[in-house]
Amino acid sequence: MYKVKVYVTLRESVLDPQGTAVKGSLHSLSYNEVVDVRIGKYMELTIEKSSRDINEVVTELCEKLLANTVIEDYRYEVEEVVAQ
């Protein structure tokens, strides 16, 4: 079994209105040292071993469903775990 951590974020060239709103709120709370905020998504997947390469499977999942590759970037970490 694999535990996969997927991080999806907006591309740098894409405006992030939610991040801008959070930054404004932090500044209003006097956290002026915060320079920028980007909002993203975090997902944990548990995937059974198969004959397919795990990186191939995760890449397909990200590109077909988990990330909008037109405006988002993704990265992931794969950890092999013992089935319970």
Side-chain angles (χ1 to χ4, degrees):
M1 303 265 297
Y2 297 100
K3 181 177 185 178
V4 181
K5 297 175 181 180
V6 180
Y7 305 88
V8 179
T9 55
L10 289 171
R11 292 186 176 196
E12 286 296 321
S13 61
V14 177
L15 295 177
D16 185 354
Q18 188 177 11
T20 302
V22 170
K23 181 177 89 172
S25 296
L26 291 171
H27 285 181
S28 72
L29 294 170
S30 299
Y31 293 104
N32 296 318
E33 60 268 15
V34 176
V35 177
D36 195 22
V37 177
R38 303 288 288 180
I39 303 295
K41 298 180 276 189
Y42 170 75
M43 292 157 266
E44 285 187 7
L45 309 173
T46 304
I47 301 175
E48 291 184 347
K49 284 188 178 183
S50 70
S51 59
R52 296 180 62 198
D53 176 64
I54 186 65
N55 292 300
E56 179 183 312
V57 172
V58 175
T59 298
E60 283 183 22
L61 290 171
C62 289
E63 293 184 358
K64 289 184 177 181
L65 179 65
L66 302 179
N68 177 348
T69 57
V70 174
I71 61 169
E72 295 175 320
D73 291 322
Y74 67 88
R75 66 182 173 84
Y76 60 89
E77 302 167 4
V78 177
E79 177 184 331
E80 195 165 350
V81 295
V82 178
Q84 295 181 0

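No experiment lies behind these values; they were computed from the predicted model shown. All values below were derived from every heavy atom in this structure, side-chain atoms included, with hydrogens, water molecules and symmetry-related copies excluded.
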For residues 50-58, which side-chain N or O atoms pair as donor and acceptor with protein atoms under 3.5 Å away, sequence neighbours left out?
| from | atom 1 | to | atom 2 | distance (Å) |
| --- | --- | --- | --- | --- |
| Ser50 | OG | Arg52 | N | 3.2 |
| Arg52 | NE | Glu56 | OE2 | 3.4 |
| Arg52 | NH2 | Glu56 | OE2 | 3.3 |
| Arg52 | NH2 | Glu60 | OE1 | 2.9 |
| Arg52 | NH2 | Glu60 | OE2 | 2.7 |
| Asp53 | OD2 | Asn55 | N | 3.2 |
| Asp53 | OD2 | Glu56 | N | 3.2 |
| Asn55 | OD1 | Tyr76 | OH | 3.1 |

Query raised in the report: Tell me the salt bridge (Lys or Arg N to Asp or Glu O under 4.0 Å) pairs involving residues 24-51, sequence neighbours left out?
Result: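 Non-adjacent pairs meeting salt bridge (Lys or Arg N to Asp or Glu O under 4.0 Å): Lys3-Glu44, Lys41-Glu72, Lys49-Glu80.
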
Query raised in the report: Is Val37 isolated, or which residues cluster with it under the ILVMFWY side-chain rule of less than 4.5 Å, directly or via members?
Result: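 Traced through the cluster, Val37 reaches Val22, Leu26, Leu29, Tyr31, Val34, Ile39.
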
Query raised in the report: How is the hydrophobic cluster of Leu10 composed, in terms of its other members, when Ile, Leu, Val, Met, Phe, Trp and Tyr link through side-chain heavy atoms under 4.5 Å apart, directly or indirectly?
Result: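 Cluster partners of Leu10: Val14, Val70, Ile71.
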
**Report entry** Residue pairs, two or more places apart or on separate chains, that pass ring-ring contact (aromatic ring centres under 6.0 Å, His included) and touch residues 39-64
**Finding:**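 Non-adjacent pairs meeting ring-ring contact (aromatic ring centres under 6.0 Å, His included): Tyr7-Tyr42.
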
Query - Contact list for residues 8-30, test side chain to side chain donor-acceptor pair (under 3.5 Å), sequence neighbours left out - result: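 Only Arg11-Asp73 qualify under side chain to side chain donor-acceptor pair (under 3.5 Å).
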
Query - Within one Ile-Leu-Val-Met-Phe-Trp-Tyr cluster: Ile47 and Val81, side-chain cutoff 4.5 Å - result: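 The answer is no; the residues belong to distinct hydrophobic clusters.
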
**Report entry** 4.5 Å side-chain heavy-atom contact, Leu66 and Leu45
**Finding:**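 In short, these two side chains touch, coming nearer than 4.5 Å.
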
Requested in this report: Starting at OG1 of Thr69, measure out to OH of Tyr74 and round the result to the nearest 0.5 Å.
Outcome: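 It is 7.5 Å, given to the nearest 0.5 Å.
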
